[in-house]
Amino acid sequence: MGGYVVSNAVVALLGVGAAFTVRAVRRSRFWSDAARELARRRPLALLAIAVYVGVGLADSVSWIDAAGGVQGVEAHTPRSLIDRAFPAGFQERSYSAPFAEVEFYGGAPLEHPGAHWFGTDILGRDVLHLTLKGARIALLIGGLTSLIVIPLALLFGMSAGYLGGRVDDAVFFVISTLASIPNLLLLIALILALGRGPVQVCVAMGVTSWVGFARIVRGETFKLRELDYVQAARALGASEARIVLRHILPNVMHLVVITFVLLFSGTVLSEAILSFLGIGIDGSWGQMIDQARDELARDPIIAWNLAAASVALFLLILAVNRVGDAVRDILDPRTLVEDL
Amino acid sequence: MSAPLLEVTDLVTTFPADGSRAAVVDGVSIHLEAGEVLALVGESGCGKSMTALSILRLVPRPGRIESGRIELAGRDVGALSVNEMRRVRGAEAAMIFQEPMTSLNPVQAAGDQVVEAIRLHERVSAADARARTVELFERVGIPDPESRFDAYPHQLSGGIKQRVMVAMALSMSPKLLIADEPTTALDVTIQAQILELLREVRDRIGMGILLITHDLGVVNELADRITVMYAGQVAEEGTREDVLARPRHPYTQGLLASIPSRARPGEPLAEIAGVVPSPGRFPSGCRFATRCFRVIDRCRSEAPEATRIGEKHRAWCHVVAAEEGKA
Amino acid sequence: MRVGRRVWGAIALLALIQIASCTNNPYPDSADSVKVRYAYLPGPPKTLDPAVSYNYADHTILANIYETLLEYHYLQRPYLLMPGLAEAVPVEQTLPDGRYSYRFHLRPGMRFESDPCFARDGAGTTDREILASDVAFQLMRIADPETISPVVATFSKIDGFAEFADRLVALRSSDPEFGKRRIDRQYADAEGVEGIVVHGPYELEVVLHEPYPQLLYWFAMPFTAPVPWEAVDYYDGEEGRPFFKEHPIATGPFRLTRYEKHNRIVLERNPNWYGTLHPDWRAPGTVYPSQGEPGDAEAGLLRPEYVGKPLPFLERIEFRMEKENIPAFNKFLQGYYDASTIIQESFDRAVQEGRLSPAMKARGMELEKSVDPDIYYIGFNMNDPVVGARAGDRGRKLRQAMSLAVDVVEFDRVFQNGRGVPAQSPIPPGIFGYDPDYVNPFRTPDPDRARALLAEAGYEGGIDPRTKRPLRLSFDTPDPSTRGRLTYQFFVDAWRRIGLDVELNATNYNRFQDKVRDGAYQIYMWGWIADYPDPENFLFLLWGPNASSTNPGAPNTSNFVDPRFDALFVTMKDMPNGPERLAKIREMRAILQKQRPWIELFHRENYVLYHGWLQNVKPAGISLPASKYVDVDPTLRTERREEWNRPIVWPAWALLGISVLVTIPGIVTFFRERQ
Amino acid sequence: MIGYALRRLLYGFLVVQGVLGLLFVLFFLYAEPMDMARRAVGEKAPPAVLKLWIQEHGYDRPWTDQLRDHYVRMLSFDFGRSDADEVPIARRLREGVGPSLSFTVPTFALGLVLGVALSLFVAYFRETYIDRTGVVIAVLAMSVSILLYIIGSQYLIGKILNWFPISGFDPDPRVLPRFVAMPILIGVVAGIGGDLRFYRTVFVEETSRDYVRTARAKGCGDGRVMAFHVLRNALIPILTRVVTAIPFLFTGSLLIESFFGIPGLGAVTVEAIQGNDFSTLRVMVFIGALAFILFQIVTDFTYTLVDPRVRLE
C-alpha cells in the first residue's frame, strides 16, 4: 500500500535535488559553459529527454480518490497523473487498431470508438497509456541502476587507483571475480533472493554492471595521481582525502557523466532481454516488445504494440546517446583538439 | 637568372571563424633561390607556419588554400593532382618541425621511418635503404648510427631526434627544405649544432631553406634574407643587414627593440603595447595601426602598398612611403 | 583511400557468393523422390528411455520406435484398444485366491532391430527374437529404483512390485560388487516380481492384488514396451558409448539412425519390424485400418489406395529443433515442415470461424480438429480460511461468485481464437462420463448474480468488512513468461470488475510447486492431460486421500475432501462403462457444481494444419504411433516449395536505393576533401 | 617478463578460487537439492525417487564436503556429467562449441574489420558530411534492441526476400553459410554502432598528433597514414576492447541461437541456471573465468608487441 507514498516522496526529493544542481551549475563557470554548449549542440535530444522525464515524473505522483467516476477496485488503487489523463474504464475487449471504430477481430463496435490513438493490446488496454507508463519504468531502470553503479565504481576505482599496492590488488580481485560470473546468474540469484520488484531488478543490474566503470576510474585515477598538479598539492601538505576529493574527483566527473549516459542506454536495452527470459520488470517496454513479438506473425500484422514500445525505447536511447556524444566531446578535453 | 627555386605570390589561406572564413595568410608573397636561407619571422599566430604548410598543401582541415600561386622549381603546386603532390612532398620539398619529441612515430624504429621516406619515392631494396639511412645518420652527425637505426623514438634524446628528422628530410635530397621552428624546443648547445647542420646543408648541398622562427638570434646566425610577417601579411622584407641593421617598418623596429640583449641595463624591457588582433577581426587599413607608435590617419583607413627602400629591401607602411617621398 | 576500397571489395565479393548460392531451403540433401516427413520439436527430448520418458514431445519419437503389446485403433473414437505385439487383448481373470490376472500371448518370430550390443559375447548374430521375458525385464526396470521411473506408483499395484525393489536395494547396498554385475542377473538374483510370471517364451501373466482395469491402457504406452537387457547393460555411457536413453533398440516400424539431440533427429524404416518380417500375418497394427469413426471417409482417411495396405508408408522422418514458434510456423508456410500446430498468433491467417481460410485452402492445406483429453482449471485451496471449506457457506458463496465472474468464451475468443471447448466439468469430451448437454449453472457468466452472491457472503461490493478495502486474494501461477502473465491478467481483471482485488504472483515452476507443497496459496491455475481415456484419470484429482496437504506430491492440489464425493469415487472407479457408472459420475458432478473447488475453464482443441502432400493425418490426444499410417507425396511438395518461395525483391531495391542516397553526398565529400 | 606472467597466473588462480566460491554460494542461495532433483527426474516423480537422486549426486552431503569436492573436481578439470540429463558435459561442450563459433567468429572478424575500416574512414573525414552521417548511423544502429533486429531480419530476409532459411543449422560446409548469414549480419549491424563510435574517438585523437603531419610531409598517402601510422598507434585501446570480447565467442549468443535454431552453447548457461543444473553451470563459469584471466594476460602481452614503450615490470 505504501508504495505510492514512497514514489511521491522520491519525486519531491528529485525536485529539490534538481533545484540544488541547477544552482551549483550556474555558480561554476565550467559547468555552465558546458551546459550552454550542450544546449546549442543537441537541442532536440535534450527536449526529447525532458519530455520523457516529465512523463515519468507525472506517472510517479499518484494518490487514491474516486474522482473521474471510477468505481470498484479502481477507486481504491493509487492512480497517477498519467492514469488520470485517461477516462475511467478506458478498456476494450481485445485488439483494436489505432483510431479504430471497431474491434480488430470480429468487427464489433468499440466502447470508446476512435479514442485509442495507438490502438489496444490483447487485453484491450490502451497502448498509448501503457507506453507512457513505460517511460517511468525505463527512467527508473536507467537512473536507479546508474545511481548504484557510479558511487560503487568511484569508491572502488579511485581507492584502487590512488592507493595502489594491496588495496589495488584487493579491488582488482573483486573486480575480476565479479566480472567472470555470468551476470545473468548474479541477476537471477539476486532477484530470487531480493524478490521481483523493479527496485530489486535495478539493484541486481547495478551490482552486476559497476565492474567495467570501476576499471576505467581506476585507470584514470592512476594517471591523474602522477600528474604534476597532484604532486604539487601533496608537496603543499594537502591531506590525502583532500587531494582525492578536491583534485582527482572533479577530473573524473566528466568520465562519470559519460559513463552515466552509456550505462543508462545499456541497462534499458538489456531489460528487454530480461523480459525475454521472464525476469524483466512488469509494464516495461521490454515486456511490451516481448509480448508483441508474436503479433508480427499474424496476417494482417498487428504492429502497433511492437511499434509503440520499440519507437518509445528507440527515441529515448537515441536521445540519450546523442547527448552522451556531445557531453563527451564537451567535457573530455582530449578530444577538444583546436589546431591553428 | 633562372626561375627562383620557390615563388609564392598573393597566397591566401583561410579558416572558418564565427560563421564566415578568416584569412590567416592574407596575400603573402615570398621567393627563395637555391642555396639561400630565407627567414620568415613574426610573433606566433602571424601565419608563418600556415604559409609554410600551404607550400606543401598540408593545411589541416577545416583550413583551405583560397587563392594565390605557388611555384616550386618552376612547377605550379596548385595544379598538381593529389598523387603528383604526394610525390613532390619529401622528394622536391621536405619539412622538419618544432617538436622532435612528438614528430616521430612512437611505435616505429627511427631508421625504419627514414627507410619509409626513401622507399616512398624510390624502388630500392631494404638493405640498400638501410645502408643509405645509416650513411645519412652519419652525415647529420648521429653518433653510432648502426645501433641508433633500430632504436625507438622514446629511447633517443631531443637533439638526436631532430637530427633523424633532418636525415629524413635529406633522404631524397630535395631542392627545398622548410624548417618550422627547428631549434625552439631544443636547449642552447643542441641548437647550435642543428644550426651548423643547416648551414652545411645550404652550403655543401646548395638546398634552399625556408626558416620559420620567432627567434631573432637564430635569424642573425643563418638567414640570408628576412621577411617579417604580422597578422597574416608581410610587413617588411630584405637582406639580413637591411632588416636587422636598418629596419624601417615600425613593427620590425619594435620587434628588434624588445630583444633582451639590446635592452640597456636598469631600464624596463621595451615591448610593443596591445595584442595581435585575432583572424577575422582584423582592423581596416594597416593591421599594425592599433599598436603602431608612428600611426597616422591614413594607416587606419587604407592598407599600405609596398615601398621599395633598397635593392631587396621593401616595407609596407605609409610612414615609410612618406619618408621615401613616394606617398 | 586504398584501405577502404580493398575492404569494400571483400565484402561485396562475400555478399555475391551468398546471394548466388541463396535459397531458403534448410535441407541440403532433400532428395525429392524419397518419402521423407519433415517435422519439428520445441526442444531436445529429455530422454528416450521408455521406462522414464513421460512427456508428449518425447513420445512422438518413442511411440514410433518402441512397439507395445497393445495399441489404440488409429481412427476409432472413443479410443479402442487392439492387439499389437500381443496376439489378443487380454480379459481380466479373477484367480481362486481373489487376485486379478491378465495373460498376454506374444506373436512368435518377432525380432529386435539389429545392434552391436547383441553380438557382444560372440553370439554371432546382431539381433534377437522378442520374448515375453523382455516385457517382464522392462516391468522390473520400472520397479528398479536406479531407473528412477516416474510411474512406479501406478505399477506398484502389481503383486510383489515394491518388495522386489526393496530386495534389489538390499542386495546392492550389502555387496557393492553386486551393482556391477549384468543387469538381468541382478534382477534374477532378486528373485523377480511375484506378480510378473513368464510362462514359456511367448506368454506373460501379470497379477494384481487390487482391481485396476485401467492397467491395459498402460500396455499401450511405451512404459511397458519390451526392452532387451543386452542394450541396457552395454549402453552405459562408458568408453564413449552412448547411454541407453540415447540409443533405443527398435521394435516398432522405425529405428533411430541419427541423434544430434540439439539439432537433428532422424528415424528410418526398421527392416526387423514384425509388420515387415511377417506381412502375411496382416496383424491389425501392421495394415492400414479399413473402417473408422463416422466422417473419417469424407475426411479422406479411408482412401482405397491405403486401406488394408502394409505399413509404414514413409522411408524417413526428419525432426529439427525449433525453440521459437514464429520461425517454425513461417517455415511451415514455406513448405519446409509438413504439419504445424497453429501458433495462436497466426491463427486468424489460417482459420476463420473454425474453418480453413480461403487463402490456406487455395494452397492445398488441410485442417484437422480434435479436442484433447485434458482440463485446464482455476483451483481454490480448500484449506484456506477465506476461500476454503473452513469458511463454510461464506467461502462457498465467494467461490461461486468468482466462478460466475469468469467468462471462458471471451477468454477463448481473445487468447485462443475460439479454439477450445469451454469446460462444464472436469471430464473432457471423448472420455466416458462426458455429457454434452450438461450446462454448469456456475460456468455461464453472470456478473450481477456474482455481485449478489458476494453480498450474501458478507463482501458487499467486494469490500472486506475487516479492512474496509476490496477483499485482497492471492493468485499463484507457475509461468512467469510475459505471455503467461497476460492470460492470468485476464482473470484478475474479471474479478476486479466484481470488486475483488486479486494480486497476481507468477513465479517459476519450482517456487510454485513449493508453495503448493507448503499450502501457502489461495487460488492457483493448473491443467491435467489424460494418461488414458477413463473418467477415473480426472476425478482422482479431487479424491480426498489424494489431498496434497496430507501426502505431498499427490495430485489433489485443491485439498478437496468431501466424504460423499470420495465414497462415490471409490465405487465408480472400478465399474465398467455403463449407465450405473454414469449415474455415479453425475452425482459427483453435482457436488463439484455446488462446492466449486475448481473453476473449470476449457478443454484444449488441437488444430493441426498440414499440407496437401501429407496423407492420412488424424491427430490424437494421447500418444499414438501415428507416423506409420502417414504418407507423403514428395514431388507435389517440391513443386509447392518452388511456387511458394519465389523471392519478393522490391524491398531489396528499396533498401539499396536508400543506402545509395545516403552515400552519394559521402562520395562527393570524399573527392572534395582529399588533400 | 616471465616473473610478470607467473605473478599474473598466480593472481588469476586466486581469482578463479574466488569465482568458484562465489558461484557455490550464489547457486545454493536460490536452489535447493529438492528443486534440482525435481528438474532432473521430472515433475511427477514421487519424493522417494527425488531423495535417491539427491543421494546419488551427493547434494545431501554437508556443504563443506560439497565445496571441497567442487574445488577438487574443477581444478582437476573433471567436468563430470550434467545434472539435467547425465550427458558428459565435456561432450556437450564439444558438440556445441562448433555451431557457436560458426557464427560468432565471422561476426567478430567482419565486425572488427568493418568497424576499424569505417572508423578510420570517418575519422579521416572528421567534421565533414561523412563524419556526421557516420556517427548518426552508428547511434541509430546502437539504439535498436537486438530482439527487433532478429524479428525484423527473419521477417524481411527470411520470409519476404526468401534469400536465407529463417532458421536451422547444418554443419556441412557447403551449406553452412546459408544458415549463419543472417545471424552474422545481425551480429555485425548490432555491434557496429558501438565499435564505430569508440574507434572513431581513438582515431580522431591520434590524427591530431604531430607524427601524422611528419608522415604526410615525407610523402605518405592519406590511406597509408591512416591505415599504418594512425592505426598502429591506436592498437592499444582497440586491443583492450577486442581481446576482452574473445572469451564470449565460445559461449555463443543466447537470443540468436534460440531464434535461429543454432545448437550452440548460447543457451547452455541460461538453461543451467533456470534448470538448476549446478554441475553444468559451474563448468561454464569455471571455463569463463579461466578464459577471462588468460585473455587478460594475453592482452598485456600483446601491448608489448604493439607498443615498444610498454614494458611488463
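Numbers restart at 1 for each chain; the letters A, B, ... are given by sequence-line order, proteins then strands.
- Rounding to the nearest 0.5 angstrom, the gap separating the CG atom in Leu56(B) from the NZ atom in Lys218(D) is 14.5 Å.
- In terms of heavy atoms, Ser103(B) sits closest to Thr214(D) at O-OG1, 2.6 Å.
- The candidate from Asp307(D), Thr128(D), Asn233(D) with the greatest count of non-hydrogen atom pairs under 4.5 Å with chain B is Asn233(D).
- At a 4.5 Å heavy-atom cutoff, the contact between Gln113(B) and chain D is made by backbone and side-chain atoms alike.
- Proximity to chain D is limited to the backbone of Leu104(B), based on heavy atoms less than 4.5 angstrom apart.
- When all heavy atoms of Gly221(D) and Arg86(B) are compared, the pair lying nearest together is CA-CD, 3.0 Å.
- The two residues Pro308(D) and Pro106(B) come nearest to each other via the heavy atoms CG-O, 3.7 Å.
- For the pair His229(D)/Glu116(B), a side-chain contact is recorded, criterion being any heavy-atom separation below 4.5 Å from C-beta on.
- For Asp180(B), the side-chain contact (heavy atoms from CB on, under 4.5 Å) partners two or more places apart in sequence, or in a different chain, are Ser49(B), Met95(B), Ile212(B).
- For Val306(D), the part sitting under 4.5 Å from any heavy atom of chain B is the backbone (N, CA, C, O) and nothing else.
- In this structure, the portion of Met165(B) lying under 4.5 Å from any heavy atom of chain D is its side chain and not its backbone.
- At most 12 non-hydrogen atoms from other residues, nucleotides or ligands lie less than 6.0 angstrom from CE of Met101(B).
- For the pair Arg232(D)/Asn105(B), no side-chain contact is recorded, criterion being any heavy-atom separation below 4.5 Å from C-beta on.
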